[in-house]
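We count ligands from 1, going down the list as the structure has it; atoms in each ligand are counted the same way.
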Amino acid sequence: MPASEKAQQLRALVRLISDAAEDIIKEWEVEDSAPPTSKDAPRLPSWELYNARRTFIGACGMGVDLVHDPQTRLTEVAASYMNSQALRVAAETRIADILDGVDPSEGLSIQKISQRVGIQDKDLTRVLRSLCTLHIFNEVKEDHYANNATSRYLVKNEHLRCWLLVHSAEAFSATEKLPAALYDSLQRSGNSLRKSAFQIAYGIDADFWHWLEEMVERPDGTLGPRPEREVWRTGMWGFGLQHIQAPAVCDDYPWNELGPCTVVDIGAGIGGMSLELAKRYPQLRFVVEDTAPVLLHAKAVWERELPDVIATGRVQLMAHNFFEAQPVKGADIYVLRHIFHDWDDSECVAILTHLRAAMEPSSLVLIADNVMHSTAGTPHLKAAPPPLPPNYGQAHTFANIHDLLMFVMFMGGERTAEQLDVLAAQAGLKVTKVWECRGLTSITELRRDDYTA
Ligand SMILES: C[S@@+](CC[C@H](N)C(=O)[O-])C[C@H]1O[C@@H](n2cnc3c(N)ncnc32)[C@H](O)[C@@H]1O
């Protein structure tokens, strides 16, 4: 690229960064004047903050690409797993907890940290210096460390700690086999003949979920649940789903504009999404569907959280296999949150076909999943301001990571709205709108293909 073109691009990026920064500061001030109402509920950024953030992050990322030496940048990307593993070590050894309460101007010596975590001080230094360079922890003076604003989030925060381990332990080992899982994909037709990268890495036929539920021998010789199970329960289901993946699906779809409606929550788990909707939107009724064992757990949660809703029948718990005919006919809304990304295309079409058979002309299907946005853009999603690619470039990184994570662990994956539309058409449905939500998960609305507004 000629220097004049690069200069033009760099100036445009710096302008974006500068404008976005002012918007961010304004929104920080607004946030400061209204402290969070609950420390447990995810705090949603305003749309202004959300958009300014992704513009800022995207523009910084694109600026780095523009000004960095390309060969060094490629090398850094190729070796970026080192950062992941450094953070994993810090999470496993609870370094943020060790630094809690330490004088931020003095820090704690590497020798003292090293004694607490059981790693040689000069080796641990490598880990901590890598993280400090990424603005996680502070090296306040030579070989003395303290928490900073980012690492402080990890202090006594078992949910976040486990969420980080979900992404850096088994998923890391599985990702090493991503090339192996890809390179033989043309030789094998149909997912039933293929193994996930996780299965290849662990040399097993069982899928991840069966592996996770296995009983294993503990150090004392007795049998017990795999320790990883608690990590996934605490990190994924107890935190990440609500706080990081889908913080806004109950806010950014116009639930409050629906009249009295029946929402069928398919593969609902304990019905976390319906539970949240039931608390906020009293006009909605729910059918929570999953397998019978999961519903036992769901019943206990609903009885504890919303006993009236269960007693009055505003929610019904119904055992149902989503590969069989849908028992609730003509519901207003069928919602599937975080279901499709677990399944192959043919299985998603089978699920949709059963829904199509149950739908009235006015029924809706809402698919709540990560909607992939490519750098080529799509009319379904808001495009970033130029010169950013339409998907906001590096601000979309986590979506791509998550797509690959679903693939390596479960042979699943996330889809674009266009890919969903192709599946919908095979089941007699069509994508009518994508409701973009703040966070990873958005809502794609499907209607019958004979629907006219
Ligand atoms: C990733 S979880 C999503 C749970 C929930 N929708 C949420 O967003 O919290 C997938 C759910 O699908 C359920 N599931 C898997 N296969 C199923 C089937 N054939 N029929 C019904 N539910 C199924 C699982 O039991 C699990 O609760």
Q: For ligand 1, indicate whether the residue F323 contacts it via side chain, backbone, both or neither (heavy-atom separation under 4.0 Å).
A: side chain

Q | Part of I339 with heavy atoms under 4.0 Å of ligand 1, whether side chain, backbone, both or neither | A | side chain

Q. What protein heavy atom sits nearest atom 1 (C) of ligand 1, and how far away is it?
A. H338 O, 3.3 Å

(Q) Check E29 with K26, please: is the shortest side-chain N to carboxylate O separation under 4.0 Å? (A) no

Q) What part of D342 sits under 4.0 Å from ligand 1 if we count only heavy atoms: the side chain, the backbone, both or neither? A) side chain

Q.
Can you tell me if A268 contacts ligand 1 (heavy atom of the residue under 4.0 Å from the ligand)?
A. yes

Q. Do you see a donor-acceptor pair shorter than 3.5 Å between the side chains of E445 and T432?
A. yes

(Q) If only side-chain N and O atoms count, and only distance matters, is there a donor-acceptor pair under 3.5 Å linking S46 with E27? (A) yes

Q) Are any of the side-chain nitrogens in D252 or R438 under 4.0 Å away from the carboxylate oxygens of its partner? A) yes

Q: Assess R54 against Y392: is NZ or CZ under 6.0 Å from the centre of the six-membered ring, and within 45 degrees of the ring's axis?
A: yes

Q.
Between E170 and W211, is there a side-chain donor-acceptor contact under 3.5 Å, judged purely by atom types and distance?
A. no

**Q.** Residue and atom name of the nearest protein heavy atom (relative to atom 22 (N) of ligand 1), distance in Å to one decimal
**A.** F322 CE2, 3.4 Å

**Q.** For ligand 1, the portion of A246 having any non-hydrogen atom under 4.0 Å away
**A.** neither

Q.
Quick test of your reading of the model: are E303 and K299 salt-bridged, counting only N-O distances below 4.0 Å?
A. yes

Q. If you measure every N/O of G267 against every N/O of ligand 1, is any gap under 3.5 Å?
A. yes

**Q.** Shortest protein contact, atom 27 (O) of ligand 1 (heavy atom only)
**A.** D290 OD2, 2.7 Å

Q) Which of the atoms of ligand 1 are close to V294, meaning less than 4.0 Å from one of its heavy atoms? A) 25 (O)

Q: Identify which of L295, L336, N321 has a heavy atom lying nearest to atom 19 (N) of ligand 1.
A: N321

Q.
Under a plain distance cut-off of 3.5 Å, with no hydrogens placed, do T441 and H338 share a side-chain donor-acceptor pair?
A. yes

Q. Hey, is R152 close enough to D100 for a salt bridge, meaning N to O under 4.0 Å?
A. no

Q) When you measure from atom 8 (O) of ligand 1 to every protein heavy atom, which one gives the shortest distance, and what is it? A) R337 NE, 2.6 Å

Q. Hey, does E289 sit under 4.0 Å from ligand 1 if you only count heavy atoms?
A. no

Q: Using a strict 4.0 Å cut-off to heavy atoms of H320, name the atoms of ligand 1 that fall inside it.
A: 20 (N), 21 (C)

